[in-house]
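Every heavy atom of this structure was used, including side-chain atoms; hydrogens, water molecules and symmetry mates were not. Labels below follow one simple rule: chain letters A, B, ... track the order of the sequence lines, proteins then strands, and each chain is numbered from 1. This is a predicted model, so every value here is computed, not measured.
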2 protein chains.
Amino acid sequence: MTYYSLVTNTDTQLDLHHIDDDACLKFQGAVELVGKRWSSGILLAIARGSERFSDIVSVVIGLSDRLLSQRLRELEIAGLIERVVVPTVPVQVRYRLTPKGADLMESLQPLASWRNRWAE
Amino acid sequence: MTYYSLVTNTDTQLDLHHIDDDACLKFQGAVELVGKRWSSGILLAIARGSERFSDIVSVVIGLSDRLLSQRLRELEIAGLIERVVVPTVPVQVRYRLTPKGADLMESLQPLASWRNRWAE
DNA sequence: CTGGATCCCTATCGATACTG
DNA sequence: CAGTATCGATAGGGATCCAG
């Protein structure tokens with residue numbers, strides 16, 4: 001039986017040939033979590049320094065406030081971002097990446113490179 | 001076109017400020033492409049050696065043949081997999097990763113590691 | 001400024017049945 | 001085996017209006 005070799009160089013990489021079914025589901029879940037519409041754009045915006053609600057809306061092209069609100073809740077539940085309320089008048093709300101979220105963004109860097117590599 | 005890095009060598013701090021809007025959209029597009037429902041599971045199944053239609057259905061839990069058919073077309077159009085028809089009786093069809101697709105799977109390994117690192 | 005609530009529309013999905 | 005066709009249900013999305 002022959003199959004594609006996905007493991008090429010370093011030993012730190014995962015060997016996808018021996019992933020069990022549970023890991024398969026986890027992998028799928030992880031990709032679909034961040035792959036949901038607008039999620040990655042929102043995360044990227046926050047990672048780039050857009051901490052405010054209105055900032056994110058203006059940075060992520062096409063994103064509506066309703067969807068942003070919804071996604072922010074999902075991302076917070078997923079533990080990727082944290083919501084910080086500053087009790088001023090009016091109230092200020094800031095969003096930042098959690099360590100888990102920041103680690104995720106780092107892990108997505110190879111994907112960004114891939115997109116760049118295969119851009120036509 | 002400026003090549004960029006999501007992570008600087010400075011510290012744990014992310015430096016994404018020099019990413020232009022075009023790259024932002026590309027990044028979002030790349031994540032959402034592979035993050036579509038079932039797509040990653042199908043790619044992983046093929047990467048693990050499931051070349052046949054029925055194999056993929058049985059390996060990816062919950063996936064219906066209709067959706068598999070649809071996703072396979074999308075992934076083929078995206079240039080991630082190739083469809084090989086062997087003219088026997090009955091016809092055999094095999095799917096495998098293209099170099100672009102294999103490269104993608106390698107680029108997703110850090111994400112799999114991330115999922116593993118932050119599993120509770 | 002930061003959303004919540006509502007309406008409505010479309011895309012997408014799962015199930016079922018069918019074909020070469 | 002490797003799909004296609006059809007259909008009803010539903011989830012997701014855009015637009016709009018409203019509130020603390």
Side-chain angles (χ1 to χ4, degrees), chain A residues 1 25 28-29 31-46 48-78 80-98, chain B residues 24-25 28-29 31-43 45-46 48-78 80-98 101:
Chain A
M1 168 140 198
L25 287 176
Q28 189 173 320
V31 179
E32 289 176 6
L33 166 69
V34 69
K36 212 169 170 184
R37 197 168 188 188
W38 305 118
S39 292
S40 64
I42 293 170
L43 287 172
L44 185 58
I46 296 176
R48 292 175 70 188
S50 299
E51 296 189 317
R52 310 290 300 275
F53 190 92
S54 51
D55 289 343
I56 304 174
V57 169
S58 63
V59 163
V60 182
I61 303 170
L63 175 62
S64 69
D65 50 355
R66 192 184 74 86
L67 266 295
L68 174 57
S69 174
Q70 187 174 312
R71 286 293 176 275
L72 286 173
R73 222 177 304 127
E74 295 169 359
L75 295 174
E76 190 185 3
I77 291 175
L80 303 180
I81 62 176
E82 62 175 345
R83 186 175 185 269
V84 181
V85 179
V86 183
T88 55
V89 180
V91 173
Q92 285 193 10
V93 182
R94 301 185 176 275
Y95 294 94
R96 339 196 139 96
L97 295 181
T98 60
Chain B
C24 181
L25 288 175
Q28 189 173 318
V31 178
E32 290 177 5
L33 165 70
V34 69
K36 212 168 169 184
R37 198 170 187 186
W38 303 119
S39 293
S40 63
I42 293 170
L43 286 173
I46 295 177
R48 293 175 68 191
S50 297
E51 296 190 315
R52 310 289 298 273
F53 189 92
S54 51
D55 289 343
I56 303 173
V57 169
S58 62
V59 164
V60 182
I61 303 170
L63 175 61
S64 69
D65 50 356
R66 192 183 75 86
L67 266 295
L68 175 57
S69 176
Q70 188 174 311
R71 286 292 176 274
L72 286 174
R73 223 176 303 126
E74 296 169 359
L75 295 174
E76 191 185 2
I77 290 174
L80 302 180
I81 62 175
E82 61 174 346
R83 186 175 185 269
V84 181
V85 179
V86 184
T88 55
V89 181
V91 172
Q92 285 193 11
V93 182
R94 299 183 176 278
Y95 294 94
R96 38 180 80 116
L97 296 180
T98 61

| Distance in angstrom units between A:Arg52 CZ and C:dT2 C1', rounded | 9 Å

| field | Bend angle of the helix from C:dC1-D:dG20 to C:dG20-D:dC1, from helix axes over five pairs at each end, nearest 10° | value | 50°

| note | Rounded to whole Å, the CZ-C1' distance (A:Arg73 to D:dG13) equals 15 Å

| field | Sequence neighbours excluded, every pair satisfying side-chain hydrogen bond (donor to acceptor under 3.5 Å, both in side chains) that has a member inside residues 82-91 of chain A | value | A:Arg83-A:Tyr95

| When you check the phosphate oxygens OP1 and OP2 of D:dG3, does a side-chain N or O of B:Arg83 lie under 4.0 Å from one of them? | yes

| query | OP1 or OP2 of C:dT2 less than 4.0 angstrom from a side-chain nitrogen or oxygen of A:Ser69, does that happen here? | reply | no

| query | Under 4.0 Å: is that the gap between some side-chain N or O of B:Tyr95 and OP1 or OP2 of D:dC1? | reply | no

| query | Who are the salt bridge (charged side-chain N to carboxylate O under 4.0 Å, His left out) partners of A:Glu51, not counting sequence neighbours? | reply | A:Arg94, A:Arg96

| note | Rounded to whole Å, CD of B:Glu76 lies from P of D:dA2 at a distance of 15 Å

| task | Calculate the interatomic distance between A:Leu68 atom CG and D:dA15 atom P; express it in whole Å. | result | 15 Å

| field | All pairs passing salt bridge (Lys or Arg N to Asp or Glu O under 4.0 Å) where residues 52-73 of chain B contributes a residue, at least two apart | value | B:Arg71-B:Glu74

| remark: Counting primed atoms, P, OP1 and OP2 as sugar-phosphate and everything else as base, the B/S/- map of nucleotides 10-20 of chain C against protein heavy atoms under 4.0 Å is ---BBB-----

